[in-house]
Each structure stands twice: as C-alpha cells, then as structure tokens.
Amino acid sequence: MTAPAPVTIDTTRPGVPMSRLVKVELRKMFNTRSGFWLMMSIAILATIATVVVILVLALADDPGVTYASFAAAIGTPMAVLLPVIAILAVTSEWSQRTGLITFTLVPHRGQLIAAKAIAAVIVAVGSMILAMAIGAVGNVVGTLIVGSDMVWDFGVKDFLLILLANTLGLLIGFMLGVLIRNSAAAIVAYFVYSLVLPGLFGLLASISDWFSDVQPWVDFNDAQTPLFDGGPSGEQWAQLGTSGIIWFVIPLAVGIWAVLRSEVK
Amino acid sequence: MITVDRLTKNYGGYRALDDVSFACRPGAVTGFLGPNGAGKSTTMRVIAGLTPATSGTALVSGVDYHDIPNPGTQIGVLLDASAQHAGRTGREILVLSALTMGLPSSRVDEMLELVSLTRSESKRRVKNYSLGMRQRLGIANALLGDPKILVLDEPANGLDPAGIHWMRGLLRDYANRGGTVLLSSHLLHEIEVIADEIIVIGNGRIVAEGTKAELLRTAGTFVKAGDASALANALTAAGITTTPSGDAGLRTQADPATVGRAAAAAGVALVELRPAEGAGLEEMFLQLTAETQREAVPTEGVTS
C-alpha cells in the first residue's frame with residue numbers, strides 16, 4: 001500500500017446558502033407525524049370555526065354575521081397554534097436531540113436560528129392566507145344557504161393587521177423556544193406569557209395609579225390589542241415598540257446569545 | 001487528519017478533559033478506547049464544534065471546524081445514533097441532510113444500500129428502529145457527503161457480531177482509499193477488531209497510544225503452577241518480581257525462559273507458561289474501567 005495523499009480541507013468551497021437552510025427548516029416542520037398533524041390542524045380548525053359560524057348564521061338567522069365574523073372565529077385557533085409551531089421548530093433540536101446533526105452540518109448557529117425564524121414566518125403567512133380563504137368560502141356558502149346579504153367587511157388592511165398580530169404571536173413563541181430550548185417548558189411559558197401576564201398587569205394597574213399610566217408602554221399584550229381592532233394610532237405603534245423591546249427583543253437577544261454559546265449534547 | 005492539541009474541558013470544578021493531545025492520520029482507522037465517562041464523546045463534540053473547549057485546540061487538517069464550508073461534504077460525523085426525531089422516517093432523515101449539503105436524492109438511495117437498510121425499512125419511523133438500524137442510518141448519514149474524514153462515536157454499539165464485521169470491512173476500505181477515521185468504543189474487543197491505531201483515554205487523560213501491534217505486543221510472561229505459593233516463593237527467591245493474574249496465575253516482566261529455569265531449579269511443576277500477549281492493554285483497560293465502577297470490583301491481576 002502506498003502512503004495515502006494527505007487529506008486537506010477545502011476552505012474555498014461554497015457554504016450552505018440561507019435559501020437551502022430555510023427550505024430544510026420548512027420541510028422539518030412537516031415531515032414528522034406530529035408536525036404534519038399540527039399543520040393540518042390549522043386547516044381543520046379553520047374549517048371547524050367556519051362551519052360553526054355558518055351554523056350560527058343558519059340557526060339564529062343573525063344578519064350581523066359577516067366576513068369579519070369568520071375572520072375573528074378563525075383567528076382564535078391560529079393565535080394558539082402558530083406559536084406552538086414556532087416553539088417546536090426551535091426546541092425539537094434540543095428535546096429530540098436532532099441538533100447533534102443539524103449544528104454539525106451547519107456550525108453557524110446564528111444562520112440556523114435565522115433560517116428557522118424565516119421558515120416560521122412563511123408558515124404564519126401561508127396558513128393565514130389559507131385560513132382566510134377558508135373563511136371566504138364560508139362566507140359565500142353561509143350567505144347562500146341562509147339567503148342573507150354577503151358582506152365583505154374585512155379588507156386588506158384588516159388582514160395585514162391581523163397577520164402582523166399573529167406573526168408577532170408566533171415570534172413570541174419562537175423567542176420563548178430560543179430562550180428556554182425545551183418543548184414542554186416553552187409551551188407552558190407561552191401560555192403564562194399570553195394568559196397570566198395580562199391579568200397581573202391589570203391587577204397592578206388597578207392598585208397603582210403610577211403603573212396604570214406606565215402600563216400601555218410596558219404591557220406587550222395590551223399594546224397588541226389595537227391590531228385586532230382597526231389598527232393602532234401613532235402613539236399606540238410607539239407603545240407596541242417600547243413594550244416589544246422589553247418583552248420580545250431583549251429576551252430574544254439573551255436567548256440567541258445563549259444558543260451561540262451553549263453546548264449541544 | 002485530525003489534530004487534538006492540549007485539549008482541556010472543565011465543567012465547573014470537574015475536569016472532563018485534561019491536556020488531551022493526539023493525532024489521527026489518513027489511511028488508518030484510529031480507535032478511541034475508554035470506559036464510559038472517560039471523555040471520548042466530549043473530545044468528539046469539541047472536534048465537531050458543538051462543545052467549546054476550555055483551552056487547547058482540535059483542528060481538522062489544520063482548520064477549525066467552524067471554518068469548514070459545507071462541513072458535511074468534508075467530514076462525516078456520527079455522535080449519537082439515538083439522537084434522532086423519533087417521528088421521522090429513516091429516509092427522511094437522510095433527505096434532510098442531503099438537502100442541507102446540496103446533494104441529489106439519488107445519493108440517499110446509494111447510502112441506504114451501502115448500509116443495507118431496505119426500502120421498506122427506510123420508510124419506517126426511527127422510533128421503530130433497533131439500535132443496530134439506527135447505527136446503520138447514522139453511518140449512512142455520516143458518509144452521505146462523501147467526506148474524507150470520519151468521526152464516529154460508539155458506532156458499533158448495538159451491532160451484532162456480523163454487523164461489527166461489516167463495519168470493519170467498510171471502514172477498512174474507507175481507510176485504504178486514504179480516508180481518516182476516528183471511532184470510539186468502550187469495548188476493547190470492538191477496537192481490537194476494527195482499529196489499526198489505538199488511543200486509550202481514562203478520566204479525561206490519554207493513558208496509552210500506539211498501533212494495535214505495539215499495544216498488544218508481548219508484555220512479559222504469564223505463569224501458573226499447581227502450587228501457587230511455592231511458585232511465588234521460587235520466583236521471588238530468584239529475584240523475579242511477580243503480580244497475581246487471573247485464577248492463581250502470576251504475571252511478570254521477565255521472559256518465559258528465565259521464569260521456566262527458576263521454576264525448574266526450585267522443583268515447582270508448572271501448569272502453564274506463556275508470553276502474556278495483549279495482557280498489558282487488557283489489564284490497563286480493566287483497571288481504568290474498575291476505577292469508574294460505582295461498586296468496587298476486584299481488580300485481580302492488574303498491574304499498576
């Protein structure tokens with residue numbers, strides 16, 4: 001046997017482009033049984049919500065039901081599902097330990113986290129468009145069954161606002177995933193964040209005048225409410241910004257810093 | 001070529017790796033042998049850029065792992081065959097890696113065939129895989145990008161004897177084509193079967209390294225008599241230092257001829273007299289293992 005040629009590493013080879021990472025991360029969200037049904041549940045729940053609204057329309061013969069009713073009914077399950085999808089996209093690398101391969105094939109963890117964020121936002125936009133389309137079908141079918149007037153009172157601006165609200169919800173889930181890196185704990189944290197925290201803020205505001213003045217600037221949940229309600233004013237946008245820095249940007253930065261430094265086992 | 005230089009890793013006050021240095025050369029299978037918890041996996045995770053070292057370096061052909069573009073196509077890594085999403089199919093796991101590396105899906109089928117996973121097995125979810133099947137999948141994943149260097153942590157764990165034999169053939173071919181292989185095991189037998197060069201690690205330190213031939217080379221004499229104490233007295237009287245070994249046997253650094261003459265002069269009838277082949281490595285390894293046992297085990301026959 002002749003002496004083998006020295007093995008060298010080619011440092012001029014092209015790296016893994018972001019577009020490929022996003023594609024892979026999107027595929028990962030669908031290619032497990034749990035992931036697949038989580039995605040399917042978006043369409044299923046949107047359909048169920050639509051059917052319920054049609055039933056209300058038919059039984060109550062309520063002329064008040066319009067496209068906005070469908071949009072509101074569909075928005076609720078989305079607000080719960082999208083953050084969970086984003087959480088699992090991040091935490092499964094640790095909980096299922098797939099990170100051993102993922103972070104070995106792509107040693108630049110910042111790129112991977114960015115790819116996961118992009119993939120999660122793509123899913124949010126795609127599923128919102130799908131859900132609104134299901135709602136639109138519901139509005140057409142519902143009014144045809146009942147024979148009432150078809151009312152399209154949910155415009156592009158409303159859609160963009162609710163899309164922004166749901167994307168923010170998803171990104172909050174993403175942030176908690178990055179920060180906590182454990183599926184169960186991050187999901188629990190999300191519900192504490194979105195259900196318990198507002199109550200605490202409300203309580204604080206009711207016992208402290210000072211906090212009641214400050215609350216709009218530091219309560220991220222409260223600041224998001226105008227997104228579902230016709231759109232924030234200039235001041236409300238600013239409040240969304242300040243509260244977002246406290247409850248989203250800073251913890252996300254801490255989470256990313258920890259991911260970049262942590263040991264993958 | 002993998003070069004680990006003065007690598008140290010502390011976890012709080014615990015030193016997992018203590019000044020570890022070694023090199024793996026191309027064209028050889030280097031076996032990384034040590035009991036559980038000795039630091040094998042930590043070393044490999046440092047090489048793959050997953051664990052930051054406290055001090056020292058681990059370089060792949062002189063390059064830090066993080067600076068390798070598209071690393072899967074240059075160095076194949078298998079760190080834990082069980083670290084897989086249980087709900088994914090075996091094939092899908094390879095497809096994800098192939099997509100990441102920018103490889104065609106035909107490469108996935110080639111690798112499945114190479115590791116003898118059938119089409120129907122590859123479509124099953126990994127939670128239904130035996131450990132041996134997971135290892136085959138993990139090896140397929142490591143080889144997917146046609147790398148010139150392989151780092152495999154406990155790849156033979158869970159393989160049956162035929163599987164270990166298969167892996168020996170696979171890695172032998174790979175090394176003969178100029179590849180570099182570093183593989184770990186906590187079983188001396190596996191390393192003996194598969195590796196050409198052996199690095200032994202215990203409690204975070206390298207305790208021995210060399211070619212298999214060097215480490216298994218004759219190390220003194222094993223001798224046994226019907227009357228063990230008479231033999232021990234006779235050898236001591238002849239100035240030969242002995243240590244107990246196995247069941248009533250003795251081991252010594254002296255060569256068999258000297259030991260035989262001393263026994264004959266004292267009139268002690270021998271039952272066995274032979275070169276203590278490989279015993280050095282085995283006993284060293286036994287001692288390393290014993291030190292990390294939770295319960296004290298008799299380390300009879302261990303030379304220190």
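Convention: sequence-line order gives letters A, B, ...; per-chain numbering from 1. All values reported here derive from a predicted model rather than from experimental measurement. Scope of the values below: all heavy atoms of this structure, side chains included, with no hydrogens, waters or symmetry mates.
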Closest heavy-atom pair and its distance - A:Phe103, B:Leu50: CB-CD2, 3.6 Å

Checking heavy atoms, do the side chain of B:Arg45, its backbone, both or neither come under 4.5 Å from chain A? side chain

Should we count CD of B:Glu113 as having more than 12 external heavy atoms under 6.0 Å?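 12 or below, so no.
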
When you compare the side chain of A:Asn31 with that of B:Thr89, does any pair of heavy atoms fall below 4.5 Å? no

Indicate yes or no: at least one non-hydrogen side-chain atom of A:Lys265 is less than 4.5 angstrom from one of B:Leu79.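 SC-SC contact between A:Lys265 and B:Leu79 ruled out.
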
Leading residue by heavy atom contact count with chain B [cutoff under 4.5 Å; candidates A:Val106, A:Thr98, A:Asp10]: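 Heavy-atom pairs under 4.5 Å are most numerous for A:Asp10.
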
Looking at A:Lys23, A:Arg261, A:Arg109, which makes the most heavy-atom pairs under 4.5 Å with chain B? A:Arg109

Do the non-hydrogen side-chain atoms of B:Gln84 and A:Ile101 ever get within less than 4.5 Å of each other?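 Yes, side chains in contact.
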
Per-residue contact mode, A:Leu21 against chain B (heavy atom under 4.5 angstrom): side chain

Between B:Ser82, B:Ala48, B:Gly102, who has the most heavy-atom pairs with chain A when the cutoff is under 4.5 Å? B:Gly102

Counting only non-hydrogen atoms closer than 4.5 Å, does A:Pro14 touch chain B with its backbone (N, CA, C, O), its side chain (CB onward), both, or neither? backbone

Quick check on A:Arg20 against chain B: is it the side chain, the backbone, both or neither that has a heavy atom closer than 4.5 Å?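 For A:Arg20, side-chain heavy atoms alone lie under 4.5 Å from chain B.
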
